[in-house]
Amino acid sequence: MAAVLLTPLFDSCGARICLGRKIGSGGEGDVYEILSPHSNIVAKIYHKPLSADKQEKLLLMARGCNDELKGISAWPTDVLHAREGGPVIGFLMPEIADYEPVHKVYGPTQRKEIFPHADWRFLVRTAKNLAAAFYVIHKFGYVIGDVNEGNILVNDQACVRLIDCDSFQVRANNRLYYCEVGVAQFTPPEIQKSKDFKMERTANHDNFGLAILIFQLLFFGRHPYSGVYTGKEDMPIEKAIAEFRFAYGKNSPAKSIAPPPNSVGLSVVPSQVAGLFERAFAETGARSAGRPVAGDWWEAFEFLEKRLRRCSADSVHSYYSGLAACPWCRLEESSGLLLFLSADRITKIDLRREWQKVEAINPPGPLPHISPGTFSPGPVPLAPDIVRSLEFRKIRQIAGMAILAGYAVIVLGDMLTDYLTVLPVAIVVAALFLYPGEAAREERRRRTNLDSIRYLWDLWNKKWIAEAGDSAFLLQLNHMRDLKWKYESIERGYRNGLLSLERTIKDRQQKKFLERCSIDNCTVSRIGVGLKNTLKSAGIGTAADITQKKLHGVPQLDNTLTNDLLAWRDKMESNFLFDPTKGIERSDIHALIHKYQPLIKPVERDLLQGIPKLQRIQEDILKKRITLRPAVEKRARELAQAEANFEVFRSTPEELIKREIQGILHPRRFSR
Amino acid sequence: MSDNTHITLPDQQPLGAVTFAENPEPRCPCLLLLDTSGSMAGQPIAELNEGIREFYNELQNDSLAIKRVEVALLSFGPVRTISEFNTAESFFDPQLVADGDTPMGEAILKGIEMIKTRKEQYRANGISFYRPWIFLITDGAPTDEWQHAAAMVREGESAKSFAFFAIGVQKADMKILTQISVRQPVKLQGLKFREFFQWLSNSMKSASRSNPGDRIMLAPPLGWSEI
């Protein structure tokens, strides 16, 4: 690239053109400043040699250049050659400075950052100016072809400029010079399926892209064919376009597609505008000249602009006056979105009032105690045969013990003569102790019953604690407290910002005054036009820019000149008169609002949504305490009963021993 | 428990519904499955971390990619979701630490599940999307069952649900990677993670400008691969 910079180029008349700084770079070529006297003109130089076709096309475009085209686009004004009579290697075009790609305007997030003042009126005006630009291109028989979100630029006055004009389709001398590129999201259905763009493009194709961009501008970046599709398969945009699935149209149900959540549709624009969208996106649009042309849109917006109304609740909300209420308030409220940055204040809610609502929700309080211990039922009496069997068992056990004791005496007294008696004695004792009898069966039955009822009780008790307890409520309440704290600290930041604006009011008034003192008005004789230009290119344009440090960076300045400039600044400063009646500048407050509003909005949203949620949790807990209570109490009572039923068997010696062992093995089971 | 009352949760806002309304641009999801097994310790993991940082940086500097490319990070050894799908605005410094084994099969299955969930969110919110990309980066061989994961990868590729790419680092078992990935796995040259992520961000930037269809446009893997 250095070679290009050094050697001058030639325009079509053979005049020398010297390139300056590189200011942009793209896939096809780089864009350079042009050294004076050509102001407001830049040059695009291609990376690779151009085909004869492309060279011819550029020449034709440059010849066809006029003020109207130059006014709305970076139209080629002349071609550039590396040597006189040589091939075309680039072209000259108007410089387009301080413009942003249109996707940064229709995307809410970036719009709020880059165009904080933009309201819906701004978006409508952008759409109208976009239509005007298309109108001019089509009027002269050109076709844009590659309509996309990156080659249409917008400035803070909602003016629109088209760039990358060298790709436009040109018709001249009965020849067509194709536009060979395109982006699917803006490509009409009828050519959606073609493999490449080596084909004739029409204004009707452009008008599809125009309608898409206008839709995106008016509806916060939503693509008209991007919706909630009810079919099973994936529905990429280009497929939706090819199948005419306009998500917001009259026919959308038949196309199995619906608008996405948190979006607005054609109901917020006049029927005339809605009708244009329907025409642009329906099957009939694909017919030759079937879609609305740029002029149709322009007229529709002319009509709409005269019928815009400011919302009484928020002055940044401007909307179509044919509607009963402000659609942006409704959308912001239902979605928690921040569509536009307010010019008045950072938040619309009164925290104190909202917090009173939180405090008005009574905490459900600790969980009412339900436990089997509160019930003391008597055991179900045992049947007479079981009582008998139980008594018989006691007798059997006593007999067994007696035999054991007697035998033990014999053994200890060393009176045993025949060890063979051990076996029959043991069998007899074991039979006496272990004979099952009716009572043992009943005992087993009652124990199994107790186990299964205890299991059920555990489940219900857990459910009771989880659903009727107040931990969910306390959790949400704590979350709300955190949000309140966050909200307050953001608000504090904003107020401190306002205070410091007030404190520095004099400094800023003075700075603004000095910013108005251009060095062009500096009358010090030693500082001439040439030096002033040098200073300007070093970023020193006004008295406010003059500081020792900045002057130091300019090598052309010696000590005397530096002192002269500093003295001039001091003189200007002494002319400044502070006006205490002026107060803080509106624009400074706006900047502050625009900084804090996006911060506070999500917290505000969570707070507002948190209040009904807290209410719901509270109601739910209280409801559960009523609905669950009988079931839980029933289980507690059943458990108490089952425990009492089993208790009657605990008095047997064998049960006492078992209980001891159980107590050692599972100490918690019998602790209640 | 037949007579119980159902547990009712408070109403839930669908995840990210507001984000999708603030930024309805079509999404270009990219999932990175990152090997953080013990063998990656030291310089490899440091280079990987640095590469990811630069990857985010590159995406943030592109006004369209920042709205369209969504990156999710999943590390394995053990399997951990480092970051859910998010646009590069919410930069995430992963600070990966290498320890553990290489449960690659589990990671792939979890990753495929994440893609599925994210797609459902896109659909519910009327957001168009490009075919998701999954990049598996590993320096070893799976220590768990990977055959099922490989089958899922094949299934997803043939249904065009996602595109799966495997990148082998140093002593990675390229044979197994070939069995997992339908596309030819690529071997990273040395530890050129930065070059890889530079290439990936360029690919994502141009993909996010293409059409949300099923064509995949990847530049040849020059400057970082052993080809």
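Throughout, a chain's letter reflects where its sequence line sits, starting with A, and its residues are numbered from 1.
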Practice prompt. With a 4.5 angstrom heavy-atom cut-off, could you sort out which part of A:H103 is near chain B: side chain, backbone, both or neither?
Written response: both
Practice prompt. Flag the pair B:R123 and A:D234 as a salt bridge only when some basic side-chain nitrogen lies within less than 4.0 angstrom of an acidic carboxylate oxygen.
Written response: yes
Discussion item. Less than 4.5 Å to any heavy atom of chain B: does that hold for the side chain of A:Q216, its backbone, both, or neither?
Written reply: neither
Worksheet entry | Contact class of A:R111 relative to chain B, heavy atoms under 4.5 angstrom | neither
Discussion item. Taking side chain as everything from C-beta outward and backbone as N, CA, C, O, which of these in A:S226 sits under 4.5 Å from a heavy atom of chain B? Side chain, backbone, both or neither.
Written reply: both
Discussion item. For B:F164, give me all partners under ring pair (Phe, Tyr, Trp, His ring centres under 6.0 Å), at least two apart in sequence or on another chain.
Written reply: none
Practice prompt. Tell me, out of A:A472, A:P602, A:G221, A:G107, who's got the most heavy-atom pairs with chain B below 4.5 Å.
Written response: A:G221
Worksheet item: Which answer fits B:I127, side chain, backbone, both or neither, if we ask what part of it has an atom under 4.5 Å from a heavy atom of chain A?
Response: both
Worksheet item: Under the 3.5 angstrom rule, does the side chain of A:K112 hit a backbone N or O of A:L338 as a donor-acceptor pair?
Response: yes
Item to complete: In plain terms, say whether A:E113 and A:K104 are close enough for a salt bridge, that is, a side-chain N and a carboxylate O under 4.0 Å apart.
Response: no
Fill in: Short N-O contact, A:E233 and A:K239, less than 4.0 angstrom
yes
Fill in: Results of side-chain hydrogen bond (donor to acceptor under 3.5 Å, both in side chains) for B:T81 - residues two or more places apart only
B:K110
Worksheet item: What part of A:Q476 lies closer than 4.5 angstrom to a heavy atom of chain B: side chain, backbone, both or neither?
Response: neither
